[in-house]
Asker: 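Just passing along the structure, written as structure tokens.
All of these numbers come straight from a predicted model, not from anything done at the bench.
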Amino acid sequence: MASCFCATKSNAKSVVEFFTLLLVLGFSCTHLSFAGNFNQDFDITWGDGRAKVLNNGKLLTLSLDKASGSGVQSKHEYLFGKIDLQLKLVPGNSAGTVTAYYLSSQGPTHDEIDFEFLGNLSGDPYLVHTNVYTQCKGDREQQFYLWFDPTADFHTYSILWNPLTIIFYVDGTPIRVFKNLESRGIPFPKKQAMRVYSSLWNSDDWATRGGLVKTDWSQAPFTVSLRNFRANACVWKSSESSCSANNGSSTKPWLSEELDAASASRLKWVQENYMVYNYCADAKRYPQGLPPECTVKTTPTRTRRLVKK
């Protein structure tokens, strides 16, 4: 996950800008869908052989030992889309390890949309850490336990990103929503194309119980498996979108997708039963008042200790 030192710039926009943006980018677009071949879709960026593409591109494994972790990035950049990736997380004693899967742009005012899976001792649940950065400003953490064992099999983790909203999904169930509230002066990531990244790395200074539990290197190498990457998205290349203005919106429902009543009910179920931290409910962290987006939308009141980096 990228790091930065910068200040958020408030940039209030009217609802009209949303429709203008669609015209500028050519939406009413032909989206591109990529699925399932890591040789074609990703570059190994670090790890000195610890990241491996197997089964003719259908499987990717990332490994971590005491010397190094490993990571990959997508060959394409995207500006809006629905990104799906199946992961089978590190089994057993994974304390101290972090599996990251996220979208990010580059530069001093980068945007970012994060899934991070924080390992734990054998028998204790993984913690799913989510965050959204706009213009290099993050600190929007929500954390969840899962309702299944994410090490026993592959599960699908999805990020929906369109001009209206960002939605995090687990096996098709929404767990978090971050809406476009630019009309209220709250920045939203919509102008910077992002690549897809995944990595496995050691962060036992904060990942498990705030750093109290360290990585047991006798269990190394730690390995996470990935498969079935799919990007229903618009590719951004040479400052142009791959989408055209020639086709109707029926070909890309993700572009205007928001939660329907059934999905909103499932989101409520997750947040009432599996959310363990919500920055929008942490009054002690924000004694001068909660962030502005927290006062606009209804958020669960449940909060526990944040696992800090």
Side-chain angles (χ1 to χ4, degrees), residues 1-3 38-39 42-73 85-102 104 112 114-131 141-157 168 170-171 175 196-229 274-277 304-309:
M1 188 182 73
S3 61
F38 289 103
N39 284 320
F42 281 82
D43 291 318
I44 296 173
T45 52
W46 63 284
D48 193 23
R50 292 172 179 82
K52 299 181 185 298
V53 177
L54 306 170
N55 297 349
N56 295 317
K58 295 181 180 179
L59 181 69
L60 170 68
T61 61
L62 303 175
S63 293
L64 163 70
D65 57 35
K66 198 167 185 177
S68 178
S70 52
V72 298
Q73 70 177 34
L85 185 63
Q86 291 191 329
L87 293 91
K88 184 177 181 181
L89 299 180
V90 176
N93 183 0
S94 59
T97 70
V98 177
T99 301
Y101 154 47
Y102 60 103
S104 182
E112 190 171 319
D114 290 346
F115 268 114
E116 291 180 328
F117 304 90
L118 312 186
N120 215 330
L121 295 169
S122 297
D124 290 339
Y126 261 83
L127 191 67
V128 180
H129 179 100
T130 67
N131 207 344
E141 303 93 345
Q142 289 185 0
Q143 297 177 334
F144 306 84
Y145 289 136
L146 294 168
W147 49 97
F148 54 82
D149 178 0
T151 73
D153 204 350
F154 286 91
H155 292 269
T156 304
Y157 304 89
F168 296 76
V170 176
D171 287 339
I175 65 170
V196 182
Y197 296 83
S198 188
S199 57
L200 175 61
W201 43 287
N202 177 57
S203 192
D204 63 6
D205 58 332
W206 69 272
T208 305
R209 300 182 186 176
L212 294 177
V213 182
K214 302 300 182 182
T215 303
D216 180 359
W217 293 111
S218 70
Q219 303 297 312
F222 304 97
T223 301
V224 61
S225 299
L226 300 81
R227 71 180 187 187
N228 289 345
F229 168 74
Y274 295 97
M275 176 179 278
V276 297
Y277 178 80
R304 302 179 192 172
R305 178 181 59 84
L306 168 67
V307 178
K308 293 185 178 180
K309 297 185 181 181

Asker: Should Tyr145 and Tyr126 be marked as a ring-ring contact (aromatic ring centres under 6.0 Å, His included) after you check the CA-CA gap, both sets of side-chain angles, and the distance that decides it?
Answerer: CA-CA 6 Å; Tyr145 289 136; Tyr126 261 83; over 10 Å; no
Asker: Could you measure the distance from the CG atom of Asp171 to the OG1 atom of Thr156? Nearest 0.5 Å is fine.
Answerer: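 Atom-to-atom, Asp171:CG and Thr156:OG1 are 5.5 Å apart.
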Asker: When the ring planes of Tyr101 and Phe115 are compared, do they come out parallel, tilted or perpendicular, using 30° and 60° as the limits?
Answerer: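 Geometry flag for Phe115 against Tyr101: parallel rings.
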Asker: With a 4.5 Å heavy-atom cut-off, do Leu85 and Asn228 have their side chains touching?
Answerer: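 Side chain of Leu85 against side chain of Asn228, heavy atoms only: no contact under 4.5 Å found.
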Asker: Would you confirm whether Ser94, through its side chain, and Asn120, through its main-chain N or O, come within 3.5 Å as a donor-acceptor pair?
Answerer: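 Such a contact is found between Ser94 side chain and Asn120 backbone.
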Asker: Is any side-chain heavy atom of Leu200 closer than 4.5 Å to one of Val90?
Answerer: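 Answer yes - side chains close enough.
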Asker: Would Asp153 and Lys88 count as a salt bridge (charged side-chain N to carboxylate O under 4.0 Å, His left out) here? Give the steps.
Answerer: CA-CA 6 Å; Asp153 204 350; Lys88 184 177 181 181; 5.6 Å; no
Asker: Between Tyr197 and Tyr102, how do the two ring planes meet: parallel, tilted or perpendicular, split at 30° and 60°?
Answerer: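 Rings of Tyr197 and Tyr102: parallel, as their planes differ by under 30°.
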Asker: For residues Phe144 and Pro125, determine if any side-chain heavy atom of one lies less than 4.5 Å from a side-chain heavy atom of the other.
Answerer: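 Not in contact.
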Asker: Considering non-hydrogen atoms only, spot the tightest contact between Ser122 and Gly92 and give its length.
Answerer: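 Reported closest heavy-atom pair: OG-C, 3.2 Å.
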Asker: Decide yes or no for Leu89 and Pro91: does some side-chain heavy atom of the first lie under 4.5 Å from some side-chain heavy atom of the second?
Answerer: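 Contact flag for Leu89/Pro91 side chains = no.
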Asker: Distance from Glu141 atom CD to Glu116 atom CD, nearest 0.5 Å?
Answerer: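 Answer rounded to 0.5 Å: 9.5 Å.
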Asker: Rounded to the nearest 0.5 Å, what separation is found between the CH2 atom of Trp201 and the OG1 atom of Thr97?
Answerer: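 Going from the CH2 atom of Trp201 to the OG1 atom of Thr97 covers 10.0 Å.
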Asker: Where do Val128 and Leu146 land on the side chain to side chain contact (heavy atoms under 4.5 Å, CB included) test, with the steps shown first?
Answerer: CA-CA 7 Å; Val128 180; Leu146 294 168; 3.6 Å; yes
Asker: Does either side chain, that of Thr151 or that of Asp149, offer a donor lying less than 3.5 Å from an acceptor on the other one?
Answerer: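 Side chains of Thr151 and Asp149: pair found under 3.5 Å.
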Asker: Which heavy atom of Asn39 sits nearest to which heavy atom of Asn56, and what is that distance?
Answerer: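 Between these two residues, the closest heavy atoms are ND2-C, 4.0 Å.
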Asker: Can you tell if the side chain of Leu62 reaches within under 4.5 Å of the side chain of Thr223, non-hydrogen atoms only?
Answerer: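 When only atoms from C-beta onward are counted, Thr223 and Leu62 do not touch, as no gap falls below 4.5 Å.
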Asker: Can Ser70 and Ser63 be counted as having a side-chain donor-acceptor contact under 3.5 angstrom?
Answerer: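 Absent: no donor and acceptor within the cut-off.
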Asker: For the side chain of Asn55 and the backbone of Gly57, is there at least one donor-acceptor N/O pair under 3.5 Å apart?
Answerer: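 No; judged by distance alone, with no hydrogens or angles, the pair does not exist.
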Asker: Drop me the distance from Asn131's CG to Gln143's CD, to the nearest 0.5 angstrom.
Answerer: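 Taking CG in Asn131 and CD in Gln143, the distance rounds to 9.5 Å.
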Asker: Using side-chain heavy atoms (C-beta onward) and a distance below 4.5 Å, is Leu118 in contact with Trp206?
Answerer: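 The answer is yes, as the side chains (C-beta and beyond) meet within the 4.5 Å cut-off.
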Asker: Just do the salt bridge (charged side-chain N to carboxylate O under 4.0 Å, His left out) check on Arg209 and Asp204 with the steps written out, would you?
Answerer: CA-CA 9 Å; Arg209 300 182 186 176; Asp204 63 6; over 6 Å; no
Asker: Establish, from distance only, whether the side-chain atoms of Gln142 and Thr130 form a donor-acceptor pair under 3.5 Å.
Answerer: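 There is no such pair (donor and acceptor under 3.5 Å, judged by atom type) between the side chains of Gln142 and Thr130.
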Asker: Look up atom CD1 in Ile44 and atom CG in Leu60, then write down how far apart they are to the nearest 0.5 Å.
Answerer: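 Separation between the atoms: 6.5 Å.
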Asker: Looking only at atom types and distance, does a side-chain atom of Thr208 sit under 3.5 Å from a main-chain N or O of Gly96, one as donor and one as acceptor?
Answerer: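 Pair found, side chain donor or acceptor close to backbone of Gly96.
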Asker: Donor-acceptor pair, distance only, cut-off 3.5 Å: does the side chain of Asp43 make one with the backbone of Thr45?
Answerer: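 Side chain of Asp43 to backbone of Thr45, a donor-acceptor pair under 3.5 Å: no, none is there.
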Asker: Indicate the atoms forming the closest heavy-atom contact of Lys58 with Arg227, along with that distance.
Answerer: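 Distance-wise, the nearest heavy atoms are O-CB, 3.5 Å.
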Asker: Verify, without hydrogens or angle tests, whether Thr61 (side chain) and Ser225 (backbone) share a donor-acceptor contact under 3.5 angstrom.
Answerer: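 Not confirmed, Thr61 side chain does not pair with Ser225 backbone.
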Asker: Distance from Phe117 atom CZ to Ser198 atom OG, nearest 0.5 Å?
Answerer: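 Going from CZ on Phe117 over to OG on Ser198, the span is 8.5 Å.
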Asker: Quick one: does Trp46's side chain get under 4.5 Å of Val72's, heavy atoms only?
Answerer: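 No; the side chains remain at least 4.5 Å from each other.
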Asker: Kindly indicate, with the supporting measurements, whether the criterion ring-ring contact (aromatic ring centres under 6.0 Å, His included) is fulfilled by His155 and Phe148.
Answerer: CA-CA 10 Å; His155 292 269; Phe148 54 82; 3.8 Å; yes
